[in-house]
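First comes the structure, then the notes that go with it.
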Number of protein chains: 2
Amino acid sequence: MADTDGKPPLGTVVRESKAPAIARASAILRLLGRSDIPLGLQPIARKLDLVPSTCLYVLRALVAEELVSFEPQTKRYSLGSGLLSLARSWLHRDPFAGLAQPMIDEIANRFGVTCVAVEISGLDRFTAVAVSKAGGNFRLSTEVGSRFPALISATGRCIAANGAFEEKRLRARFDKLRWDDPPSFEEWQAQVAEARERGFGLDAGHYIAGVTVLAAPVFKAAGAPSHALSATALSRTLTPDAIPELADALIGKCNLLSRQISQAA
Amino acid sequence: MADTDGKPPLGTVVRESKAPAIARASAILRLLGRSDIPLGLQPIARKLDLVPSTCLYVLRALVAEELVSFEPQTKRYSLGSGLLSLARSWLHRDPFAGLAQPMIDEIANRFGVTCVAVEISGLDRFTAVAVSKAGGNFRLSTEVGSRFPALISATGRCIAANGAFEEKRLRARFDKLRWDDPPSFEEWQAQVAEARERGFGLDAGHYIAGVTVLAAPVFKAAGAPSHALSATALSRTLTPDAIPELADALIGKCNLLSRQISQAA
DNA sequence: GAATGCTATTCAATATATCGAATGGCCGAC
DNA sequence: GTCGGCCATTCGATATATTGAATAGCATTC
């Protein structure tokens with residue numbers, strides 16, 4: 001009975017890992033990902049507060065694993081193509097992205113919107129795992145791998161609506177969000193309640209001015225949603241009566257997906 | 001004068017890394033990528049010859065970095081969405097993929113072929129970094145992140161043709177390749193020579209039976225090609241006089257790309 | 001043209017990540 | 001219901017990865 005709620009003890013932040021090289025490696029990869037140009041050893045070490053020699057050893061190991069590529073001429077490092085390989089494995093392994101792709105393509109074409117399928121990581125964030133652009137659309141595009149804070153936009157309202165989170169935790173996360181037109185917490189909670197009732201979340205110009213986003217949740221298991229589908233369009237291109245229709249389409253696909261990925265487990 | 005040829009001493013294989021945790025982490029990631037289902041600690045440790053406790057520490061570090069995801073219920077591990085994020089950074093960072101995408105789309109549409117842009121990693125392999133599917137094509141598709149041994153197919157002939165490699169090394173690599181219809185080494189060398197003269201590589205049904213592949217090299221710097229574009233089609237759908245035309249289109253795009261990515265550096 | 005600041009890299013001492021055995025918990029067998 | 005085997009996990013001893021200073025190579029400065 002000690003662990004019935006299934007969560008690991010929340011206070012147990014891994015203060016000091018038993019494999020610090022991996023945290024360092026990951027930090028290096030993220031740094032190289034953020035940088036537009038290849039970086040030398042010293043800039044990397046300085047930025048990450050690493051001892052240069054240690055940093056060098058980590059980099060060499062990463063190069064050996066082809067996660068980082070190294071230009072011998074300039075002695076500069078950048079991300080390696082091995083990452084693409086692993087990402088491909090990820091997409092292969094997770095059935096959700098493959099199942100969702102044709103569905104979001106269909107909705108995108110039918111309604112002329114941009115559709116995104118995301119994976120939800122608790123209250124931390126959600127990550128785009130499939131993206132569909134409407135044919136002659138404006139550039140409302142995201143890429144696979146983009147990440148968003150969990151409670152933002154329409155998807156955020158779905159997440160808040162379908163998980164039993166304490167108000168205190170929600171508020172703490174909510175306060176850190178960046179919106180073009182920030183709603184008050186109370187306003188937002190009302191919209192979350194609405195999302196719970198209607199089965200889809202709606203963000204009308206709050207997240208990005210002039211842009212309307214709809215989202216519906218997908219459940220792998222009962223409880224919190226594991227994934228979601230969202231549809232994005234310029235607000236003025238969405239006629240008022242198109243919204244319920246679009247919402248129905250999203251919800252329909254989400255229900256289908258929920259069945260498909262839960263029966264697989 | 002000691003290092004004028006710019007290459008690191010070839011015999012210096014990093015026998016034992018100074019950051020073994022990273023090699024272990026990478027092996028775990030690849031293993032999880034290959035597996036269809038999430039794996040428990042013990043299967044991972046056994047398969048990779050790791051001490052379970054060490055493996056656990058590495059896994060925990062990877063989970064903390066979101067490169068691996070962990071199901072507390074079943075205590076199983078699988079690839080995490082953080083990899084997608086890094087891969088997105090990769091695509092962002094490398095101008096080649098972005099520049100090549102519209103070009104291969106155009107060629108794919110014009111000739112009804114499948115086009116792939118690849119990054120070349122020496123004599124080891126090449127990796128698909130952008131893929132374009134022709135509209136109503138058969139399923140001759142690859143995915144971004146797929147890897148191929150360096151000397152295979154039409155791209156392999158380009159690599160062999162444009163680098164000054166010793167015959168001994170070439171032969172060693174060549175002998176390990178898998179073809180549907182393997183050419184003899186002499187036959188293949190003749191085709192490599194032809195690729196050098198004509199500026200593009202051709203594989204007519206050797207790599208995959210019934211499939212013809214063309215490829216042309218892209219040079220970031222003088223010497224060995226850094227990237228390549230390839231076009232793939234069912235052999236019977238390619239009329240004989242379409243091949244030179246397709247080759248010209250590929251070569252034209254490759255020259256353009258060579259200028260674009262070299263002037264950037 | 002010499003010197004200075006930077007770089008990447010090596011090396012020996014030590015803090016520590018790794019190992020292997022021991023623990024406790026879970027599930028299925030009998 | 002009890003036992004047995006497998007699992008994930010902890011823990012102390014030790015091999016070793018990490019550290020910080022010292023070395024060597026370049027490019028730019030004066």
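As the structure is a computational prediction, the values presented were derived from the model and not from experiment. Order of the sequence lines fixes the chain letters, A, B, ..., with proteins taken first and strands second; residue numbering starts at 1 for each chain.
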Q. Do A:Thr74 and A:Glu71 have side-chain atoms, one donor and one acceptor, less than 3.5 Å apart?
A. yes
List in chain and number order the residues that pass salt bridge (charged side-chain N to carboxylate O under 4.0 Å, His left out) with [X], two or more places apart in sequence or in another chain; answer none if no residue qualifies.
X: B:Arg76; value: none
X: B:Arg173; value: B:Asp124
X: A:Arg157; value: A:Asp203

Between [N] ([atom2]) and [X] ([atom1]): distance, integer Å:
X: A:Leu62; N: D:dA17; atom1: CG; atom2: P; result: 15 Å
X: B:Phe70; N: D:dC7; atom1: CZ; atom2: P; result: 15 Å
X: B:Gln73; N: D:dA8; atom1: CD; atom2: C1'; result: 15 Å
X: B:Lys75; N: C:dG24; atom1: NZ; atom2: P; result: 16 Å
X: A:Arg76; N: C:dT9; atom1: CZ; atom2: P; result: 13 Å
X: B:Leu41; N: D:dT10; atom1: CG; atom2: P; result: 11 Å
X: B:Leu59; N: C:dT18; atom1: CG; atom2: P; result: 12 Å

Side-chain donor-acceptor contacts of residues 43-54 of chain A below 3.5 Å, not counting sequence neighbours, with atom names and distances?
none

Q) For B:Ser81, which residues count as a side chain to side chain contact (heavy atoms under 4.5 Å, CB included) partner, sequence neighbours excluded? A)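 Partners of B:Ser81 by the side chain to side chain contact (heavy atoms under 4.5 Å, CB included) criterion, ordered by chain and then number, come out as A:Trp90, A:Glu119, A:Ser121, A:Thr127, A:Arg147.
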**Q.** Residues which pass side chain to side chain contact (heavy atoms under 4.5 Å, CB included) with A:Ala161, listed by chain and number, not counting sequence neighbours
**A.**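 Here the qualifying residues are A:Val192, A:Ala195, A:Arg196.
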Q. Using a heavy-atom distance cut-off of less than 4.0 Å, which residues of residues 47-57 of chain B contact DNA chain C?
A.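 Output list: B:Val51, B:Ser53, B:Thr54, B:Tyr57.
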Q: Output the single nucleotide from C:dT7, D:dT18, D:dT9 whose closest atom is nearest the side chain of A:Arg46.
A: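 In terms of side-chain proximity for A:Arg46, the closest of C:dT7, D:dT18, D:dT9 is C:dT7.
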Set of residues satisfying ring-ring contact (aromatic ring centres under 6.0 Å, His included) with respect to [X], sequence neighbours excluded:
X: B:Tyr57; result: none
X: B:Phe219; result: none
X: B:Phe165; result: none

(Q) Using OP1 and OP2 only, check whether a side-chain N or O of B:Arg60 sits under 4.0 Å from D:dT10. (A) yes
Q) Can you tell me if the side-chain N/O atoms of B:Gln42 get under 4.0 Å from OP1 or OP2 in D:dA8? A) yes
Q | Lys/Arg N to Asp/Glu carboxylate O, A:Arg30 vs B:Glu65, below 4.0 Å | A | yes
Q. To the nearest 10 degrees, how far apart in direction are the end axes of the helix from C:dG1-D:dC30 to C:dC30-D:dG1, each fit to five base pairs?
A.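 Helix axis angle between the two ends: 30°.
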Q) Looking at DNA chain D, which of residues 20-40 of chain B put a heavy atom within less than 4.0 Å of it? A)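 Those residues whose heavy atoms fall under 4.0 Å from DNA chain D, taken from residues 20-40 of chain B in numerical order, are B:Pro20, B:Gly40.
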